[in-house]
Trainee: 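There's a structure below that I have some questions on.
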Amino acid sequence: MAWAVAMRFHVLTIFPGMFDGPLSESIIARAIERGLVEVNLHDIRDFAKDRHRSVDDYPYGGGYGMVMKPEPIFDAVRSVSTEASLGDSVPVILLTPQGTPLTQPIAEHLATYEDLVMICGRYEGVDERVRERVATCELSIGDYVLSGGELAAMIVIDAVTRLIPGAVGSIESTEDDSFSTGLLQFPQYTRPHVYEDCEVPEVLLSGNHAEIERWRRRESLRRTLERRPELLGHADLTEEEREFVEALREERDSTN
Ligand code: ADE
């Protein structure tokens, strides 16, 4: 089937080679091959002004490390904008540990755009004027520090690409993924039925789809309560499901 390009990622980085692996395997590679997704890599060094192609400099005020200079990043974003005829409303995302933590709803929101620009920071940081004047938002992939924004950008590309219709086949549907329901995913099993004395829950072999759905939903609730109870506050639960969670809580509290 022929698909139209649904999403173009424009990535600004000083290490475009880092993207070779992730873009050449699995779902992202297939989405690119199908023409659903385009990933355009732009080397920030190409926008450096001096003959050493330098993109960083010492921090004003002293201190350790280097800071990414504003000019090459400003120029790279301008050039991408013109080249790809991007409008003013295209998100320009700076990947940084100081950004808003990436969540499934944010990935879903990003998947509604046709173009996304991403700036991968490096070194000790990026000149603050990039934040003030170029980036429209800042994203973090978690509370830890990476050597740069490249791996974070790949994670955004992956999380967003799998939401684009046609990128993930129905056989790998994203509907049941953890977080897409606001809950963690239920336990999954495949053959064999018994492995090293460990059996697949009977209900999954029953062929009773309503019962299977009910079991899965309850296991999702159980797992979410055990591992990420804060997610339950935002999940869309029926009255019966709320009562089920309450019963689980009481059971847990009485055994502790
Ligand atoms: N760059 C360095 N660490 C990062 C993180 N946790 N998220 C996004 N970009 C980063």
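Start at 1 and go down the list; that is how both ligands and their atoms are numbered. Position 1 is the first residue of the sequence, and the numbers go up from there.
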Trainee: Determine, for Arg222 against Glu219, whether the closest basic-nitrogen to carboxylate-oxygen distance falls under 4.0 angstrom.
Mentor: yes
Trainee: Between Glu246 and Arg249, is the closest basic N to carboxylate O distance under 4.0 Å?
Mentor: yes
Trainee: Name the atoms and distances for all side-chain donor-acceptor pairs under 3.5 Å in residues 138-158, with sequence neighbours left out.
Mentor:
unit_1 : atom_1 : unit_2 : atom_2 : d
Glu138 : OE1    : Arg131 : NE     : 2.9
Glu138 : OE2    : Arg131 : NE     : 3.2
Ser140 : OG     : Gly142 : N      : 3.0
Ser140 : OG     : Gly142 : O      : 3.1
Tyr144 : OH     : Ile141 : O      : 3.0
Glu150 : OE1    : Arg122 : NE     : 3.0
Glu150 : OE1    : Arg122 : NH2    : 3.1
Glu150 : OE2    : Thr13  : OG1    : 2.7

Trainee: Return yes if some donor-acceptor pair links the side-chain N/O of Thr255 with the main-chain N/O of Glu251 below 3.5 Å, else return no.
Mentor: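 Side chain of Thr255 to backbone of Glu251: a pair is present.
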Trainee: Can you list every pair where an N/O of ligand 1 is under 3.5 Å from an N/O on the protein?
Mentor:
unit_1   : atom_1 : unit_2 : atom_2 : d
ligand 1 : 3 (N)  : Leu146 : N      : 3.0
ligand 1 : 6 (N)  : Gly142 : O      : 3.1
ligand 1 : 6 (N)  : Tyr144 : O      : 2.8
ligand 1 : 7 (N)  : Ile141 : N      : 3.0
ligand 1 : 9 (N)  : Thr96  : N      : 3.2

Trainee: Sort and list the pairs that fulfil salt bridge (Lys or Arg N to Asp or Glu O under 4.0 Å) and have at least one residue in residues 56-74, not counting sequence neighbours.
Mentor: none
Trainee: Please collect all ring pair (Phe, Tyr, Trp, His ring centres under 6.0 Å) contacts where either partner lies in residues 63-117, sequence neighbours excluded, each pair once.
Mentor: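 Checked against ring pair (Phe, Tyr, Trp, His ring centres under 6.0 Å) - neighbours excluded - the pairs reaching residues 63-117 are His109-Tyr113.
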